[in-house]
Peer 1: 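Below is the structure I would like to discuss, written out as structure tokens.
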Amino acid sequence: MATAATIDQGTPLHAGTAAGPCAMVLFGASGDLTKRKLIPALFNLVKASLLPKNFVILGVAFDQLSEEDFRAQVSSFLPAEDRGTEAWNWFQQRLCYQVGSFGDAGMYTSLGTRLAELEAQFHPEGNYLFYLATAPKFFAPIVEQLGAAGLSRQEKGRWRRVIIEKPFGTDLESAKALNRQIKAVLAEEQIYRIDHYLGKETVQNIMVFRFDNAIFEPIWNRRYIDHVQITNAETVGVEQRGGYFDTAGTLRDMVPNHVMQLLSLIAMESPVSFHADAVRSEQAKVLHALQPLVAEEVLQEAVRGQYGEGKLGDEQVPAYRAEPGVSPESRTETFVAMKLRIENWRWVGVPFYLRSGKRLAKRHTEITVQFKKTPFVLFRNAPVQKHSNQLVIQIQPVEGISLSFGAKIPGPILRVGSVDMSFEYSRYFGADAYTGYEVLLYDCMIGDATLFQRADMVEGGWTIVDPVLDVWKALPPTRFPNYAAGSWGPKAADELLQRDAREWRKIL
Ligand code: BG6
């Protein structure tokens, strides 16, 4: 994450200077991720003048497209008002394409030749960023082929970096195997395992909030915090991704990566510097202090759900089992809730409750830090509207932070009510139309891996998820679907907190 000395009240993207010369090789150039996120993000970087002058994109995919077809396809990924602009003109001249099969060794020889030609034309100075926006089965083969073709070799000051998308493995063993395979070719500092949650402004702001303000850190521990909740609620179902999702499920799809990123940032110790390894070592330590659930705990403290048909607003939506690409008898979970413990001095005894689900009542991602009650109740005779000290970090769709506390309700009788102090990003800094990928692409180009996952972090996330996967596999669910689309998930998720005399924060 690039830092600037002063606050830029406009867009944070304009606070940086252009990255150095490089070529970006985009494997999966006609896929969904390229269309929805990567092209819009790259184009935002063009508009913010953060791409180098010496830059070229070489898209690689199976589709038989000419370079003209590819440019036309890319332009269709952008809003109409962006086409025909000076920025588009600049961008489209740098869009090149190569048809290829990712498993074909000959393709990498042609890739090398093509990159050498592009060197003469665009002068990326031999620096290559390979982006693997492909199906996961191609991650290891592509890296192996890049190695065999000599394309990953860094020499004479030229860098070679590889961005690997998620899912990174399907369990701990496969994640370790993938790490072994790619590390046989690449040094860790060449590997950028992406998690797009780290590109979200509010997620990055957790670090600034915690470590650039002296007032929160002294109370950020088990003496003052009762528990922490992480909610990731989506209203969407599986859209066109039923085939992938039905083999993955919400636990694999969201928890070892996105949810663990949020948890590690909220719970980590202060890093000694803002260097990638200093930050990531602290995140990794928290993940290692998280206690994997044993089998009996999985039954008690992990909840799974699958949505049935229901209503989202006025729209009637189908059950998960009726979605395209999903088996009509599917036992895949679309909702997960868990209670986890972190065994270290700061957090022992403070439960972390997590929930993530599809087709829930509202799109909303947040972290709630619930503080303890006062040790002594002074206003015991005053009518008190239920209140508690809660710090809510809202990640999406609204980005902001609010703190609630008790205040005297005006009037002759002493009554206590709850009030909020809140900050919304858009009000202070203007609306943010970014995808989150801008910062990650830019950081990779400038060689800053702070917002990327290291091998031990990925493995730490899977260590927590693995025992749950095992128990759930051994004991398939019998009562799916168990929540209606448009609700807040299965009853068991509420009971998980009720057993501890707590409740999920109400999201209105
Ligand atoms: C992806 C998951 O990584 O994150 C999707 O595969 C999920 O299933 C998505 O919908 C959520 O991302 P966001 O940014 O919309 O919260």
Side-chain angles (χ1 to χ4, degrees), residues 28 31-38 40-41 44 131-137 139 163-170 175 192-206 230-263 265 304-307 312 317 320 323-326 330 332-336 354-367 393-400 425 432-441 451-453 457-458 461-462 465 485 489 507:
D32 191 54
L33 183 74
T34 303
K35 171 179 169 184
R36 287 187 305 113
K37 305 284 185 188
L38 301 180
N44 283 336
Y131 198 120
L132 275 45
T134 66
K137 65 176 179 197
F139 295 163
I163 298 188
I164 301 187
E165 264 296 331
K166 73 172 270 280
F168 196 94
T170 52
Y192 287 68
R193 298 173 193 80
I194 205 164
D195 182 322
H196 78 279
Y197 267 53
L198 287 175
K200 294 183 192 282
E201 283 294 342
T202 330
V203 174
Q204 293 168 46
N205 193 34
I206 297 172
I230 299 180
T231 292
N232 176 277
E234 296 185 87
T235 49
V236 288
V238 288
E239 299 173 298
Q240 302 317 311
R241 301 163 69 227
Y244 150 74
F245 191 86
D246 211 33
T247 60
T250 292
L251 182 60
R252 285 191 175 97
D253 187 46
M254 297 297 293
V255 179
N257 34 64
H258 307 326
V259 176
M260 287 300 151
Q261 293 298 341
L262 300 180
L263 187 146
L265 290 172
R304 57 188 149 167
Q306 187 194 79
Y307 61 85
L312 264 153
V317 295
Y320 174 69
E323 300 274 17
V326 172
S330 172
T332 300
E333 79 287 348
T334 58
F335 178 98
V336 174
L354 326 172
R355 61 177 169 168
S356 179
K358 296 207 179 279
R359 285 284 194 230
L360 297 183
K362 204 168 172 207
R363 176 169 185 247
H364 191 93
T365 302
E366 68 164 42
I367 304 172
I393 302 179
Q394 295 199 24
I395 290 156
Q396 60 188 20
V398 174
E399 299 183 307
Y425 249 78
D432 176 358
Y434 301 125
T435 64
Y437 278 80
E438 291 82 356
V439 66
L440 300 173
L441 286 164
L451 298 178
F452 291 84
Q453 302 194 78
M457 293 164 70
V458 173
W462 281 116
V465 164
I507 293 160

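Numbering of ligands and ligand atoms starts at 1, following listing order.
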Peer 1: To the nearest 0.5 Å, what is the distance between CD1 on I393 and OG1 on T202?
Peer 2: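 So the gap between those two atoms works out to 9.0 Å.
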Peer 1: Can you name the residues that form a ring-ring contact (aromatic ring centres under 6.0 Å, His included) with Y131, not counting sequence neighbours?
Peer 2: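 Counting only residues at least two positions away or on another chain, Y131 forms no ring-ring contact (aromatic ring centres under 6.0 Å, His included).
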Peer 1: Classify the ring geometry of Y307 against Y320: parallel below 30°, tilted from 30° to 60°, perpendicular beyond 60°.
Peer 2: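 Perpendicular, since the angle between the ring planes exceeds 60°.
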Peer 1: In Å and rounded to the nearest 0.5 Å, what is the CG to CZ distance from D32 to R241?
Peer 2: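 Answer for the CG-CZ pair, D32 versus R241, is 8.0 Å.
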Peer 1: Once salt bridge (charged side-chain N to carboxylate O under 4.0 Å, His left out) is applied, do any residues pair with K166, and if so which ones, sequence neighbours excluded?
Peer 2: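 Salt bridge (charged side-chain N to carboxylate O under 4.0 Å, His left out) check on K166 returns D253.
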Peer 1: Suppose we screen for salt bridge (charged side-chain N to carboxylate O under 4.0 Å, His left out). Which residues come up paired with R193, at least two apart in sequence or across chains?
Peer 2: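 By the salt bridge (charged side-chain N to carboxylate O under 4.0 Å, His left out) rule, R193 matches E188.
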Peer 1: List of N/O pairs, ligand 1 versus protein, all under 3.5 Å?
Peer 2:
from: ligand 1; atom 1: 3 (O); to: K166; atom 2: NZ; distance (Å): 2.8
from: ligand 1; atom 1: 3 (O); to: H258; atom 2: NE2; distance (Å): 2.7
from: ligand 1; atom 1: 4 (O); to: H258; atom 2: NE2; distance (Å): 3.4
from: ligand 1; atom 1: 6 (O); to: K166; atom 2: NZ; distance (Å): 3.0
from: ligand 1; atom 1: 6 (O); to: R241; atom 2: NH2; distance (Å): 2.8
from: ligand 1; atom 1: 6 (O); to: D253; atom 2: OD1; distance (Å): 2.6
from: ligand 1; atom 1: 6 (O); to: D253; atom 2: OD2; distance (Å): 3.2
from: ligand 1; atom 1: 8 (O); to: R241; atom 2: NH1; distance (Å): 3.0
from: ligand 1; atom 1: 8 (O); to: D253; atom 2: OD2; distance (Å): 2.5
from: ligand 1; atom 1: 8 (O); to: K358; atom 2: NZ; distance (Å): 2.9
from: ligand 1; atom 1: 10 (O); to: E234; atom 2: OE1; distance (Å): 2.5
from: ligand 1; atom 1: 10 (O); to: E234; atom 2: OE2; distance (Å): 3.3
from: ligand 1; atom 1: 10 (O); to: K358; atom 2: NZ; distance (Å): 3.1
from: ligand 1; atom 1: 12 (O); to: H196; atom 2: NE2; distance (Å): 3.2
from: ligand 1; atom 1: 14 (O); to: H196; atom 2: NE2; distance (Å): 2.8
from: ligand 1; atom 1: 14 (O); to: K200; atom 2: NZ; distance (Å): 2.6
from: ligand 1; atom 1: 16 (O); to: Y197; atom 2: OH; distance (Å): 2.4
from: ligand 1; atom 1: 16 (O); to: Q396; atom 2: NE2; distance (Å): 2.6

